[in-house]
Structure formats: C-alpha cells, structure tokens
Amino acid sequence: MSTNAQSPIGVFDSGIGGLTVVRALMERLPYENIVYFGDTARVPYGVKSVETITHFTTQIARFLLEKDVKLLVIACNTMAAVAAQVVKDLSPVPVLDVIDAGALSAQGGHKIGVIGTPTTINSNAYARAIHDYAPDSRIHSQACALFVPLVEEGWLDHEVTRLTAEDYLKPLQAEDIDTLVLGCTHYPLLKPLLRQVLGEGVQLVDSAEAMAEQVATVLAQHGLANPGPAQPRYDFHVTDVPLRFQTIGERFLGRTLNNVHVVKW
Ligand code: DGL
C-alpha cells in the first residue's frame, strides 16, 4: 500500500449520519479527496450489540484501507464507542474517531452533558475520553434513541422533536450543565432546536466540526495535507440501493451527492 498527500481520507459511518463529518471536512479542508462508506443496509448501529458492531466495523475499515486511504476517520459515534481500538490495531494509517475529537473540544466544560445513541451512552466511552482530558469535570449522560429517526424524517423544527428534546434534556438541565456534547452524527442538524431548548448559557460541542479540526492537525503533522489546487474527488459507497441515501444525504451534506456506488456484501 502506498499513500501520499493526494490519497483520499477514508470516512465511515453506519449510514447517512457521517455525512455531517464529511460536510465539516469539505468546509475545513477543501482540497482533500474523500472516500465515504455508509453501511445503509445494516443501519442503525446505535441499538446493536458490541460484538455485531465490532464485526461490521472491521469489515468496513478493511474495505477503505484497500482504497489506499491516508487516514481513517470513524465518523460514527457508536462505532467509535465500541470498536475504535480494533480499527487502530488493524490500520497501518492513522485513525481518528469522533469521540476523541468531541471529548477534546469539551474539555473547557465543568458540568458536561453527553447525548448519543443507547449503545454509545451505555459504553461510557465519552465519559472516559472526557475524563482523560478534563479529570475534574462532572459528566451526565443521556441516551436519545428517538433523535435519529426524527432527524432522518426531516423533523428538525417540529413540535414533536421539541417535546422529545425537552424530555430528554430535563435531567441534564437539572444538573445545571454548562456544556453539551452532541455525541451522534445526526445531532448537529438539531443544533438550532437544542439551543432554543437549552438557552445560550450551554455550550454545544459539535463533534463533526471538532473532527475536521483534528484531521487538519494530524494531516499537517504527518506532512499529508493535500496542497491543491486540483478539484477534489468525492466517492460514496453504500450497501443498500442508494435512493434514500441520496435524498436524505443531500440534506446532511448541504450539497448534491454524486459518485454513489453500491457495495454488494
Ligand atoms: N451514526 C450513528 C452514531 O453516530 C447514529 C445512527 C445509528 O444508530 O447507526 O451514533
């Protein structure tokens, strides 16, 4: 395998959600080529077991390494929560994950709330990662299983979503949190609504933006940043027929989705 600055960044997720990370990468690093993998046939991962997620994650990481990526980005919080170490052990190129990036960005907080899928929250991975950077912080976690389907339904500013958010966030507000980590790929789309519910006093940590910053730093450190100015290439691999990925994905990505390939597993 040979990688250089022109090699693509490999980004992967359980489905559509990782496109929030791709969007942040496109904005922060406009010359980078990107290969994305979304396991649309087997999504959602957020309610699956550690064993199953680890198996799927390994399969996807190997697929992207065969594309000669220079860096692997685990965009899915659920995969990062339970299988980041497995990917790091098998990868010859650097591996970054959204949980580490989000935890690093949250370190200024004292009372930190974390929201995510049930598997992410049950794993306690965010709490461990945040404590590594901010040992004195208090962490309060809340699983928000309904947010993923609500976001995919496009109910970003809907009364049902607002009521759901108020209910989920009540225990975190009772703890008087000053920071909230959006520990799931889908949650950046709920930022305006979450801000309304929580008010201006709580800092929202968007792990997609945090990840783009970390990718920029690591590429620079390894001398692997693509200097451009050639137009970058974006390729998207999915495991189910791409219709839903394409329509909903454009909302996540904020632009047209081309070069979508179906992987038959
Ligand atoms: N990508 C997942 C995450 O960030 C959300 C969707 C799923 O449950 O697979 O946790």
Side-chain angles (χ1 to χ4, degrees), residues 13 15-28 44 46 75-78 80-81 98-118 120-121 125-127 129-130 133-134 137-215 248-255:
D13 177 58
I16 293 165
L19 293 175
T20 52
V21 173
V22 173
R23 180 182 191 154
L25 284 173
M26 286 171 166
E27 282 165 13
R28 178 67 182 79
C76 177
N77 292 258
T78 305
V98 269
I99 293 192
D100 188 59
L104 187 60
S105 285
Q107 65 180 317
H110 300 289
K111 293 183 190 164
I112 303 174
V114 179
I115 53 174
T117 64
T120 297
I121 297 304
Y126 261 108
I130 294 170
Y133 293 114
S137 58
R138 296 274 303 275
I139 297 162
H140 306 279
S141 305
Q142 174 69 45
C144 302
L146 294 174
F147 278 170
V148 166
L150 287 168
V151 170
E152 294 202 1
E153 194 61 28
W155 288 13
L156 305 181
D157 188 27
H158 193 287
E159 201 44 30
V160 169
T161 314
R162 185 180 318 280
L163 290 171
T164 308
E166 281 171 4
D167 211 56
Y168 279 143
L169 297 176
K170 215 178 281 168
L172 300 180
Q173 286 176 297
E175 298 293 346
D176 202 21
I177 56 164
D178 52 46
T179 305
L180 180 70
V181 179
L182 310 184
C184 173
T185 47
H186 289 55
Y187 301 175
L189 280 89
L190 292 175
K191 257 201 269 185
L193 185 136
L194 295 173
R195 170 134 334 281
Q196 280 169 21
V197 172
L198 289 170
E200 293 296 326
V202 177
Q203 190 213 343
L204 299 183
V205 173
D206 178 339
S207 41
E209 282 172 7
M211 174 51 92
E213 270 321 306
Q214 217 181 45
V215 170
I248 302 181
E250 290 186 355
R251 197 186 311 137
F252 279 72
L253 202 58
R255 62 169 86 184

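We're numbering straight along the sequence, starting at 1.
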> Checking side chain to side chain contact (heavy atoms under 4.5 Å, CB included) for the pair Val181/Tyr187: CA distance, chi angles, key distance, verdict?
Replying inline: CA-CA 10 Å; Val181 179; Tyr187 301 175; over 6 Å; no
How far does [atom1] of [X] sit from [atom2] of [Y], to the nearest 0.5 angstrom?
{"X": "Ile177", "Y": "His140", "atom1": "CD1", "atom2": "NE2", "result": "8.5 Å"}
{"X": "Asp100", "Y": "Ile130", "atom1": "CG", "atom2": "CD1", "result": "10.5 Å"}
{"X": "Lys111", "Y": "Thr179", "atom1": "NZ", "atom2": "OG1", "result": "11.0 Å"}
{"X": "Cys144", "Y": "Leu169", "atom1": "SG", "atom2": "CG", "result": "6.0 Å"}
{"X": "Leu19", "Y": "Ile248", "atom1": "CG", "atom2": "CD1", "result": "10.5 Å"}
{"X": "Leu163", "Y": "Asp167", "atom1": "CG", "atom2": "CG", "result": "8.5 Å"}

Under 3.5 Å, side chain of [X] to main-chain N/O of [Y], donor-acceptor pair present?
{"X": "Tyr168", "Y": "Ala145", "answer": "yes"}
{"X": "Thr164", "Y": "Val160", "answer": "yes"}
{"X": "Thr78", "Y": "Thr120", "answer": "no"}
{"X": "Thr161", "Y": "Trp155", "answer": "yes"}
{"X": "Asp178", "Y": "His110", "answer": "yes"}
{"X": "Arg28", "Y": "Met211", "answer": "no"}
{"X": "Glu175", "Y": "Leu172", "answer": "no"}
{"X": "Thr20", "Y": "Gly17", "answer": "yes"}

> Glu152: what forms a side chain to side chain donor-acceptor pair (under 3.5 Å) with it, not counting sequence neighbours?
Replying inline: His186, Arg244
Taking C-beta and beyond as the side chain, do [X] and [Y] meet within less than 4.5 Å on heavy atoms?
{"X": "Ser207", "Y": "Asn77", "value": "yes"}
{"X": "Phe252", "Y": "Val22", "value": "no"}
{"X": "Leu156", "Y": "Leu193", "value": "no"}
{"X": "Glu153", "Y": "His158", "value": "no"}

> Passes side chain to side chain contact (heavy atoms under 4.5 Å, CB included), Leu150 versus Leu190? Steps please.
Replying inline: CA-CA 10 Å; Leu150 287 168; Leu190 292 175; 6.0 Å; no
>> What verdict does the side chain to side chain contact (heavy atoms under 4.5 Å, CB included) test give for Leu204 and Leu198, after you've listed the backbone C-alpha separation in whole Å, the side-chain angles of each residue and the deciding distance to 0.1 Å?
In response: CA-CA 10 Å; Leu204 299 183; Leu198 289 170; 4.0 Å; yes
> Yes or no on side chain to side chain contact (heavy atoms under 4.5 Å, CB included) for Phe147 and Ile115, after CA distance, side-chain angles and deciding distance?
Replying inline: CA-CA 10 Å; Phe147 278 170; Ile115 53 174; 4.2 Å; yes
Contact summary for [X] and [Y], nearest pair of heavy atoms:
{"X": "Ala210", "Y": "Ala101", "result": "CB-O, 3.5 Å"}
{"X": "Leu189", "Y": "Arg251", "result": "CD2-O, 4.4 Å"}
{"X": "Ser137", "Y": "Ile112", "result": "CB-CD1, 3.9 Å"}
{"X": "Pro118", "Y": "Ala143", "result": "CA-CB, 3.9 Å"}
{"X": "Cys76", "Y": "Thr185", "result": "CA-CG2, 4.0 Å"}
{"X": "Ala75", "Y": "Val98", "result": "O-CG2, 3.4 Å"}

> Could Glu166 and Arg162 be called an ion pair, given the rule that one side-chain N must be under 4.0 Å from one carboxylate O?
Replying inline: no
